[in-house]
Amino acid sequence: MNRLIKRYKMQYHFNEIEAKWQKYWAENQTFKASNTSEKPKYYVLDMFPYPSGAGLHVGHPLGYIASDIYARYKRHKGFNVLHPQGYDSFGLPAEQYAIQTGQHPAVTTETNIKTYRRQLDQIGFSFDWSREVRTSSPEYYKWTQWIFIQLFESWYNNESNKAEEISSLIAVFASEGNANVNAVCDDNIEVFTAEAWNNFSQKEQEEILLKYRLTYLAETEVNWCPALGTVLANDEIVNGVSERGGHPVLRKKMTQWSMRISAYAERLLQGLDTIDWTDSLKESQRNWIGKSVGASVTFNVLDNNENKSHAELVEAPQQIEVFTTRPDTIFGVSFMTLAPEHELVSQITTPEQKAEVDAYILATAKRSERDRMADVKTISGAFTGAYAEHPFSKEPIPIWIGDYVLAGYGTGAVMSVPCGDQRDYDFAKHFNIAIPNIFEGVDISEEAYAAKDNVKIANSDFLNGMNYKKASKRAIYDLEQLGQGEGKTNYRLRDAVFSRQRYWGEPFPVYYVNGMPQMIDKAHLPITLPEVEKYLPTETGEPPLGRADVWAWDTVNNKVVSNVNLSAVEGEDNGIYPLELNTMPGWAGSSWYFFSYMEEKAKRGEDFASEDALNYWENVDLYIGGSEHATGHLLYSRFWTKFLKDRAFVGVDEPFKKLINQGMILGTSAFIYRVSDFICTSKTEGQIIKVNFLNSLIYISSSVLDNQEVAKNLFIKEVNKSNRDDDFKTVVSNINDFDISINVSAIHVKVQYVNASDELDIESLKSDAEFGADYKDAEFLLENGVYKVGREVEKMSKSKYNVVSPDAICEQYGADSLRLYEMFLGPLEQAKPWNTAGITGVHGFLKKLWKLYVGENGLNVTDVAATKDNLKTLHKTIKKVEEDIENFSFNTSVSTFMIAVNELTAQKCTSKEVLEPLLALVSPYAPHIAEELYSQLGNEGSIATVAFPKFDASHLVESSKNYPISFNGKMRFTIELPMDLSKDEIEKAVMSNEKTIAQLEGRTPKKVIVVPGKIVNIVG
RNA sequence: GCUCAAGUGGCGGAAUUGGUAGACGCGUCGGAUUCAAAAUCCGAUUCUUCGGAGUGCGGGUUCGAUUCCCGCCUUGAGUACCA
C-alpha cells in the first residue's frame, strides 16, 4: 500500500502541478511589468480577442502561446518584458444577442469575458493582467473619445507634412485668408480673404473649418447595409456583401463622420519600409493605399452646347479633368469617358442624345454595386453628343459615358486610349470608335498594348521616338506650359467612415448647436452609453441611441440630461442640445490600445498614459495576430499612431516594429455515410438499375465504401427485406453479373466521438443529448467490429462539429501538453489541421521528461559530474532552441526537446549540472512542469527569470566524422574517418576502402570531390 | 485577370551560404509485460520488379539540386472595371 502511495506521488500529475503554479504566479504577481527597470525593455503583444459567447477553441490560443514563449524567453534573457492582455469588447455579436434577448450587451460581455479569462488562465500565459484594458469600459473609451476630439481639433498641413492644431489654421485664416494654405481638405473649398473670414458668422466659420478637420462631418456616399441597419467601411465588405452575415450592401448618401486618413497615405506607404513585417502583409497595405503616379489633364469641352448661355461660356468654359498614369499616350486619345454619375453629364449632353443618355444613367443606377462587379464583361455606354478639344492637336474628341468608369476614383472621368488600355480598346471596338496606334512596330489589331516598357511612341508629334519615361515627362511639361495639366499622384485609399448606427460602441463626445457639431470638454469625459429599452433603430430610421430618453447635453451644468429639456422642445435656447446618435466603429478602440497597456491602471486618470510610460515602452517590439486585419486594424492603428505623434501625444511613428501572422488551425471533420441508393451495372449489357434507399438508416463504415462483397450482401439483404419488385429480384438472382456500387450521403458527426484510429464510438453517438435520437434505430455496417469515419480538413466551426475546446485538452493532457502540441503542429505562420490524436506524442514526452528527474524512489537528480555525452546533448539543445526561438521556429524546438530527453534518458543522466539548465530551456514552452521540477531540485521562487543557459561550443567538437561516400552524387555508404585528415588523406582512405572498390567494380573514377568535414563524391 | 505564399511518406512536418532526403511525432504492423485491457517498453515503417527510383511536372546550371535559374501545372490567401 505504501508503495502505491509513493508511486502515485512520484508520477506526473499535471492537473495538480498546473493549478499550483498558476496560483503561485497570480499570488506573487510574477509577470507584473514595471515601468522602471535596469533591464532593457521588451514589449510583446497579442491582438486582443473579441470575447464571443462561444468561448475559445484550440485555434485561438495559437498566437498567444507563441507570444508567451517569446515573452518568457525574453525574461530568461534578462529583459523587462511587458506582455499584457485585454478585450476588444465592443462589437456586433453582443448587440445582436441583445436585440434577440433583450439582455444588455454589457451583461453578456461581462459573462463572456469571465469565460475567456478562465480559459486563458488555465493555459498558463504569463500575462500582466494588472494592465488589462476593455474597449467597452468607460475608463478606457474616455480616451478613445478624447482622441476623437484631438482629431477634430486638427488639420493636416502639407507644408510641414503633419497634423497641426486647428488654432494655427484659424490664425492664418484671420490674418491672410486661405489662398496660401496648403492643406489636405475637401476639394470644394472656395478661396476667401482674411477680411471675408472675419466677417463670416460663427456657423459659416465652423462649416469651413469642418472641411479641414482630420475628422469631419460630411454627406458622403456610404456602404449602407439594410439588413444590419448600418454603414460599413470598405474593409468590412467582402465580395460586395457584408463581411459579417453576407448581407447585400447599397450605396447611399448619408451625413457621417469620416477620418481623413487619406492625408496620411504617403506616410503610411513610406513607413512600411521601416518596419519588420512580412512582405505579403506589406503588399496588402500597399495595394490598399494604391498609389499611382501620373498626371492630371484638363480637356476643354467644345462649344456646341445650346443649353448654355454665351455669358456662362465666356466666364467659365466647361472643362473635364482626368487622371492618367500614361500621359505619354496622350496622342492616342480617341474619346473620353465619364462615369454616368459625373456632374457634367447633364450639362454637356446634346438634346439629340439626351434620351439615350438619360436611359443609360437610369439603367446604371438600378444595378447594384454587386451586379456591376459581377458583370465586367458586358460593355455598355452612351454618347453624349458633346466633344472635347485635344490639348495639343486641338482635334475634337467625342465624349461618352460608361459604367466602366467609376465615379469614386480619380475624377470620375478618363481620357480613353484604346491602343494602350484593354477596357478602352473593348469600348472602342464595341462602339466603332477609332483606335489610333501610337506605338512603334506594335500590332494592335487583336488587343491593346498595355505594357509600358520596351516600346517607343509614334504618331505623337513632339513625343515621337521617346520611351515611356521620357514621353511622360515631356507631355507633363508641355501640359503645364498650356496650363492644362500637371504631374499628379493618386491614391486609392479613401477617407474612412467613422459613424455606425449601433448601440454597442463608443458614443461620440459631440452635441449639435444649429446643426453644427460641438466637442464636449475633456473634463467631462467619458460620455457614457445611455440606457435604451430596445437595441434596434428607431421607427423613424434613427440609430438605437435615438431611443434614449436621457441623451441631451446641458452646456450649463456640463452633464447628460433628459431629452425633454432640449432647446428645440422649449422653443428657446436654454443651453441644452441634442447629442450625437451614432457610435464609433469597432476599430476605434483597437487603434490605440497598445499605448494604454504602457501605463499602470491606477495612473491612467489624467492622461491616457504618462509621458514617462510612453517614452519607456516606445512601441510594440513584437506583435502577433491574424492576417485578417491586414487592411483594417493594422492600417488604422498606424494612422492614429502617426497622428498622435504629429500632435506630440506619443513619441513614435509606427506602433508595431515586428509583426507575425499566425496561421489558422483547421478542424478535422468526421463523417459517417448513410446509404442512399445502389447503382447496379450489368457487366454484360451495360444496363444500369438504380435502387433508392432514401429512407434507410444504414450507415456504412468508410473502410468498406468501395467493397463489392459488402455492397452485394447489403443489396441482397435490403431487396429481400423491402419486398421490392421483380427487376431487383432478377438482379439478386444474377448478382455476379452485376457491379454494385453504393451511393452515400456524408454526415458530420461530433469529433469527440471518434478516436485516434478514426473509429466511431457508436454508443456515445447514440446517447448524445442533441442528436442521439437520430441514431437510435440506425444500423451501423462495420468492418472487423469497428466503424471507421471519413475525415476532411475544414475550417473549425460549430456547424461542422469539428470544434475542439482547450478545456477538454487541458483536463485530459494538461496545459503544457496543449502548449507544446500547438507549437509542434507546424510552422507558426502556416495553416494546419488540428488532430487531437497526435497530442499523445508531446504528452508522452512530458512524462518522459518527468521520469528523467523523478523516479519511483524520488528525485533522480544528483551532484554527479556530467559526462561528455550529457554536455554534448545539453549544449546542442541550447544552441538549437535559442536559434529556433529567435527565428520563431517553435515546432522544431519541440522536436529538439524530444531528442534531448530521449538521449539523456538513454545516457541515464542524473547530473544536476545538465538537468537544471535544461529546465530553463523548457520553461518558455512548458512552464508548469519546468517550475515544478525546478522547485523539486530545491530552488526557491520561480524559474521565470532564471538566466537562459549559455551555449558553449567546445562541448560539440568532434574528433571524427562519419563521411557519406557518394557515387555520382548518390550516397551509397559511410566511412568513419578522423576529423583532422587532409583532403588527400581522406581521398586515399576512401579509395582504398573495400566498399569503394566493390562499388567501383574495377572502373577508374574520373574525378573525386572531397569536401573535408562534409562529403566525398566519386564521379565516373 | 493581378499580387503574394505554398506543393516532400498513410498524416503533421524536418533538412536550404547547394553536400547522407524523410529528423521529431501521429498512425500502422510485429513483439514484451498482463488473466485481459489501459498504461509502459522494444523493433519495423518512402516506393521497389531488389537493379534501382524518388521532394508537383518539363528543362537547365553543377562533381553534387528539396535548395539556384527558365517554362508550366495545382492549391491556398488577398485584391479587382483604380484609368
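To find a chain, count down the sequence lines: A is the first, B the second, and so on, and within it residues start at 1.
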I'd like the [atom1] distance from [M] over to [N], given in whole Å.
{"N": "C2(B)", "M": "G52(B)", "atom1": "C1'", "result": "45 Å"}
{"N": "C41(B)", "M": "C57(B)", "atom1": "C1'", "result": "45 Å"}
{"N": "G76(B)", "M": "G30(B)", "atom1": "P", "result": "38 Å"}
{"N": "A21(B)", "M": "G64(B)", "atom1": "C1'", "result": "14 Å"}
{"N": "U74(B)", "M": "G58(B)", "atom1": "P", "result": "16 Å"}
{"N": "U8(B)", "M": "U55(B)", "atom1": "P", "result": "12 Å"}
{"N": "A14(B)", "M": "C26(B)", "atom1": "C1'", "result": "15 Å"}

Nearest-nucleotide comparison on RNA chain B, the residue closer to the 5′ end among Y821(A) and S966(A): S966(A)
By nearest heavy atom, map D421(A) and K851(A) onto RNA chain B; which one lands nearer the 5' end? K851(A)
Can you tell if the side chain of [X] reaches within under 4.5 Å of the side chain of [Y], non-hydrogen atoms only?
{"X": "M336(A)", "Y": "V322(A)", "value": "yes"}
{"X": "H342(A)", "Y": "I401(A)", "value": "no"}
{"X": "P391(A)", "Y": "V297(A)", "value": "yes"}
{"X": "L493(A)", "Y": "L635(A)", "value": "yes"}
{"X": "M796(A)", "Y": "V58(A)", "value": "yes"}
{"X": "M971(A)", "Y": "I1015(A)", "value": "no"}

Separation of atom [atom1] in [X] from atom [atom2] in [N], rounded to whole Å:
{"X": "H843(A)", "N": "C24(B)", "atom1": "NE2", "atom2": "C1'", "value": "18 Å"}
{"X": "M336(A)", "N": "A83(B)", "atom1": "CE", "atom2": "P", "value": "16 Å"}
{"X": "N661(A)", "N": "G78(B)", "atom1": "CG", "atom2": "C1'", "value": "12 Å"}
{"X": "R492(A)", "N": "A83(B)", "atom1": "CZ", "atom2": "C1'", "value": "14 Å"}
{"X": "K488(A)", "N": "A83(B)", "atom1": "NZ", "atom2": "P", "value": "13 Å"}
{"X": "M971(A)", "N": "G52(B)", "atom1": "CE", "atom2": "P", "value": "14 Å"}
{"X": "I379(A)", "N": "A83(B)", "atom1": "CD1", "atom2": "P", "value": "19 Å"}
{"X": "K291(A)", "N": "A83(B)", "atom1": "NZ", "atom2": "P", "value": "14 Å"}

Is S292(A) touching bases, backbone alone, or none of the nucleic acid, heavy atoms closer than 4.0 Å? sugar-phosphate
At 4.0 Å (heavy atoms only), tell me whether T840(A) reaches a base, stays on the sugar-phosphate, or touches nothing. sugar-phosphate
Base of G25(B) relative to its sugar, syn (within 90° of 0) or anti? anti
Classify the glycosidic conformation of G51(B) as syn or anti, calling it syn when the angle lies within 90° of 0. syn
Under a 4.0 Å N-O cut-off, is there an ion pair linking E883(A) with K879(A)? yes
For the pair R286(A) and D279(A), find out whether any cationic side-chain nitrogen is under 4.0 Å from an anionic carboxylate oxygen. no
Hey, does the side chain of [X] come within less than 4.0 Å of [N]'s phosphate (OP1/OP2), counting only N and O?
{"X": "N902(A)", "N": "G25(B)", "value": "yes"}
{"X": "R972(A)", "N": "G52(B)", "value": "no"}
{"X": "Y409(A)", "N": "A83(B)", "value": "yes"}

Closest to the W288(A) side chain: G78(B), U79(B), U20(B)? U79(B)
Testing K872(A), K908(A), K876(A) for salt bridge (charged side-chain N to carboxylate O under 4.0 Å, His left out) with E903(A), which one passes? K876(A)
Reading 5' to 3' and counting Watson-Crick or G-U wobble pairs with both distances under 3.5 Å, write the dot-bracket notation for RNA chain B, | for bases paired outside the strand. (((((((..(((......[....)))((((((.......))))))((....))..(((((..]....))))))))))))....
What does nucleotides 1-18 of chain B look like as a protein-contact string, B for base, S for sugar-phosphate only, - for none, at under 4.0 angstrom between heavy atoms? --SS-------BSS----
Identify all pairs in which a protein N or O lies below 3.5 Å from an N or O of nucleotides 60-70 of chain B, and state each distance.
| unit_1 | atom_1 | unit_2 | atom_2 | d |
| --- | --- | --- | --- | --- |
| C63(B) | O2' | N1017(A) | ND2 | 3.1 |
| C63(B) | O2 | N1017(A) | ND2 | 2.8 |

Students often mix this up, so state it plainly: with edges at 30° and 60°, are the rings of W400(A) and F427(A) parallel, tilted or perpendicular? perpendicular
Angle class for the H390(A)/F299(A) ring planes (parallel below 30°, perpendicular above 60°, tilted otherwise)? perpendicular
Before you tell me yes or no, could you show the steps for S292(A) and N490(A) under side chain to side chain donor-acceptor pair (under 3.5 Å), namely the whole-Å CA-CA distance, both residues' side-chain angles and the distance that decides it to 0.1 Å? CA-CA 5 Å; S292(A) 49; N490(A) 239 355; 5.4 Å; no
Taking S701(A) for its side chain and K788(A) for its backbone only, find out whether a donor-acceptor pair lies under 3.5 Å. yes
